[in-house]
Amino acid sequence: MRVMTWTAAAAGALLAWAANAPTAQAATPSVDCASLAGRSLPEARVLSAEPVAAGPYKAPDGTVTFPDLPAFCRVVAMAETDVKVEVWLPEAGWNGRFQGVGNGGFAGNFSYYAMGPALRAGYAVAGTDTGHGPAEGKPGMRLDWMHDPTQLANWGHNSIHRMTVAAKAIVAARYGTPAAKAYFEGCSTGGAQAMTEAEYFPGDYDGIHAGAPGMNYTRLMMSFLWSSRATLLDPASTLSAEKLTLLHQAVLNACDTADGVKDGLIENPQACRFDPAALQCKPDATDTSACLTAPQVMAVRALYAGPRNPRTDEAIYPGLVPGSEWGWDLQQGKLLEAYVIPLFQNMVYDNLSWRWQDFDFDRDVTLTDEKVGATITAVSPDLSAFKARGGKLIMSQGWADQLNAQTYPIQYYQAVAGTSDPAQARARLGGYFRLFMVPGMGHCYGGPGPNRFDAVTALRAWVEQGKAPDRLVAAKHEKDLDPTSAVLRTRPLCPYPAVARWTGKGSSDEAANFTCR
C-alpha cells in the first residue's frame with residue numbers, strides 16, 4: 001500500500017491551483033535557517049537545519065528528483081518518543097499555511113514525493129518516518145519495531161500527531177508567527193493516518209483529505225488473506241493475466257454503458273449485476289484463456305463477496321466490486337507476502353513460523369482485533385469533536401482500487417451519518433464531511449479512469465471561504481505518472497451518493513459536459 005506516486009500525481013493540479021490561489025499574507029523568515037540547528041523547543045529537538053537553493057533537488061533518500069523546487073530551509077528534528085520529522089520551509093512566498101503529508105504501507109521512510117509539490121504550492125510542509133526506519137517486511141523477517149509498544153503505537157496512531165505538533169512549533173520559530181491554517185493529505189496508510197487525526201487528534205488540522213483509507217487495518221489484512229486463499233490454496237483457482245483481462249472485459253461489456261456512456265468505466269459498480277458463471281467453460285471444453293474453469297468462477301465469487309465467518313456467515317470486510325479486476329494480480333499472493341505475513345507473524349502471533357494457510361476466519365478474527373485492533377485501526381464513527389471545531393473532511397476512494405475494498409468508505413460514511421438513507425446522510429454530514437467515489441481510479445492513483453484531482457484546494461475553499469465542494473475534476477493523463485503529459489479526458493467527481501451523468505451534448509471526455517445527479 002505504498003503511495004509514492006499518488007500525491008506526486010496531484011502535483012500538476014497543485015501547481016495549476018497555485019497560480020490562482022486565494023491571496024494570503026506572504027510571510028518571510030524572522031530567523032536565519034541555520035540558526036535553528038541544535039535548538040531545543042518544548043515540542044522537538046532540532047537535529048539540523050540547512051538552506052537549500054532553488055533549482056533541481058534530489059531527495060535525501062534518492063527516491064525522487066524534483067526539477068525545480070523553490071529555495072527552502074530543510075529542518076530535521078526529533079519529536080516526542082523519537083519520531084523523526086522533516087520540515088521544509090519556503091524561503092520566500094510562504095502562504096501562511098502548514099501541510100502535513102502521510103505515508104504508505106508500513107512507512108519508516110519520508111514521503112518526499114509529496115513534500116515537494118506542497119512546498120512548490122507555498123506551504124510549509126512536514127513528513128515523518130513514523131518513528132522507525134525502513135520497514136518493508138518479508139515473510140519470516142523479524143521487524144523489531146512491530147514488537148516495541150511505543151513504536152507500534154506511533155505507526156498505528158501517534159506519529160502524525162507528534163509530527164504535527166513539532167512541525168507547527170518549528171514553523172512558528174522560523175517565521176515568528178504560527179501557521180494560520182493546517183491541512184493534511186494522505187492515501188492508503190496515509191488515508192488511515194488522516195482518519196486517525198480526525199478521530200483522535202481533531203485539533204491538529206482544519207482540513208483533511210483521506211484517500212483510499214486503510215483505516216480498518218486488521219480487517220483489510222484479512223481481506224488480502226482471503227483473496228490469496230481463494231486463488232492460491234487450489235492452483236486450479238489461480239487467475240492468470242489472460243483470465244483477469246477476460247473477466248474485466250466481460251464486466252465492462254455488461255455494465256459500462258449503464259451510465260449512458262461507453263468509456264471503459266463503471267460509474268456505479270454497486271448497480272452492476274454480473275455473474276462470473278457467464279464465463280464458465282463448457283463441461284466438455286478445454287481450459288483456455290477464453291473461459292473460466294469452475295474453480296476460477298468460485299474464486300471470483302469469493303473476491304466479490306469478501307471475507308466471511310465460516311460459522312456465522314457474518315461479513316468480516318467488504319468484497320471487491322466489479323470493474324476492479326484489472327488489478328487483481330496483486331490479490332494473488334503479492335499483498336500477502338508484502339503485508340499480511342509480516343504483520344501477522346510479528347504483531348499478532350510473534351511467531352516467524354506462522355503459516356497464512358492456518359488462519360481461522362472464525363476465532364482468529366477476534367484474536368487479531370483484540371491483540372492489535374485498538375492500536376492500528378481508526379474506525380470510530382464519532383467525528384463530533386472534529387466537526388465542533390469547524391474541521392472539514394474529504395474522503396476519496398477509487399472504484400477500480402486493486403487493493404482496498406471500495407465500499408468500505410461508503411459503510412463508514414453511513415456509520416458517521418447514522419443512516420444508510422442517502423438524502424438523510426447528505427443532510428447530516430454535508431456541512432463537514434464529503435465522500436468522493438472515483439470511477440476507474442486504482443489505489444490512490446492510476447487505473448483506467450481519470451485519477452488526478454486536487455482535494456487540498458477544495459479543502460482550503462471550504463475551510464477559508466465556506467465553499468463546500470459540490471464537485472471535483474479529475475484528469476486522465478497520457479502517462480499516469482507524468483502530470484505534464486497530455487490530458488486524455490476529464491470527469492467530474494460527485495459527492496456521494498451523487499454520480500456523474502453525461503448531458504448528451506459535447507464530448508464525453510470533457511468534465512464540463514457532465515452533471516452531478
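Keep in mind that the numbers below use all heavy atoms, side chains included, and drop hydrogens, waters and symmetry copies. Computed from a predicted model, the values in this text were never measured in an experiment.
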[X] side chain to [Y] side chain, donor-acceptor N/O pair below 3.5 angstrom:
X	Y	value
S188	H443	yes
D382	S380	no
T218	D369	yes
E86	Y112	yes
S227	Q331	yes
N346	H147	yes

Side chains of [X] and [Y]: closer than 4.5 Å at any heavy-atom pair?
X	Y	result
P29	L89	no
R219	V365	yes
M222	Y317	no
D401	M441	no
V85	V76	no
P139	L352	no

Under a 3.5 Å distance rule, please check whether [X] uses its side chain to pair with a backbone N or O of [Y] as donor and acceptor.
X	Y	value
R39	A37	no
K476	G447	yes
R428	A417	yes

Give, for atom [atom1] of [X] and atom [atom2] of [Y], the distance between the pair rounded to the nearest 0.5 Å.
X	Y	atom1	atom2	result
Q402	N404	CD	CG	9.0 Å
K479	L488	NZ	CG	11.5 Å
H157	T375	NE2	OG1	7.0 Å
W155	W145	CH2	CH2	5.0 Å
I394	E185	CD1	CD	9.5 Å
F386	E199	CZ	CD	11.0 Å

Electrostatic pair [X]-[Y], nearest N-O below 4.0 angstrom:
X	Y	value
D148	R142	no
D329	K334	yes
R489	E478	no
R434	D470	yes
E80	R45	no
E337	K138	no

- prompt: Only one of M163, Q193, Q151 forms a side-chain contact (heavy atoms from CB on, under 4.5 Å) with T130, so which one is it?
  reply: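 The option that passes is Q193.
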message: Here's a test for you: under side-chain contact (heavy atoms from CB on, under 4.5 Å), which of N154, T81, D129, T164 qualifies with S159?
response: N154
Distance flag, aromatic centroids of [Y] and [X], threshold under 6.0 Å:
X	Y	result
F106	Y339	yes
F184	Y205	yes
H161	Y200	no
F72	W94	no
F436	Y496	no
W88	F110	no

- prompt: Taking everything shown except K168 itself, do over 12 heavy atoms lie less than 6.0 Å from its NZ?
  reply: yes
message: Heavy-atom count check: over 12 atoms from other residues, nucleotides or ligands less than 6.0 Å from K371 NZ?
response: yes
field: Worked verdict on V379 versus Y412 for side-chain contact (heavy atoms from CB on, under 4.5 Å)
entry: CA-CA 8 Å; V379 295; Y412 178 77; 5.6 Å; no
statement: In short, S30 meets G176 closest at the heavy-atom pair OG-N, 3.2 Å
- prompt: Can I160 and F201 be said to form a side-chain contact (heavy atoms from CB on, under 4.5 Å), step by step?
  reply: CA-CA 9 Å; I160 297 298; F201 306 103; over 6 Å; no
task: For side-chain contact (heavy atoms from CB on, under 4.5 Å), just list the numbers for W399 and V438, CA-CA rounded to whole Å, side-chain angles, deciding distance to a tenth of an Å, and then say yes or no.
output: CA-CA 6 Å; W399 270 126; V438 190; over 6 Å; no
message: Y349 vs L367, test: side-chain contact (heavy atoms from CB on, under 4.5 Å). Steps then yes/no.
response: CA-CA 10 Å; Y349 296 103; L367 170 68; 3.6 Å; yes
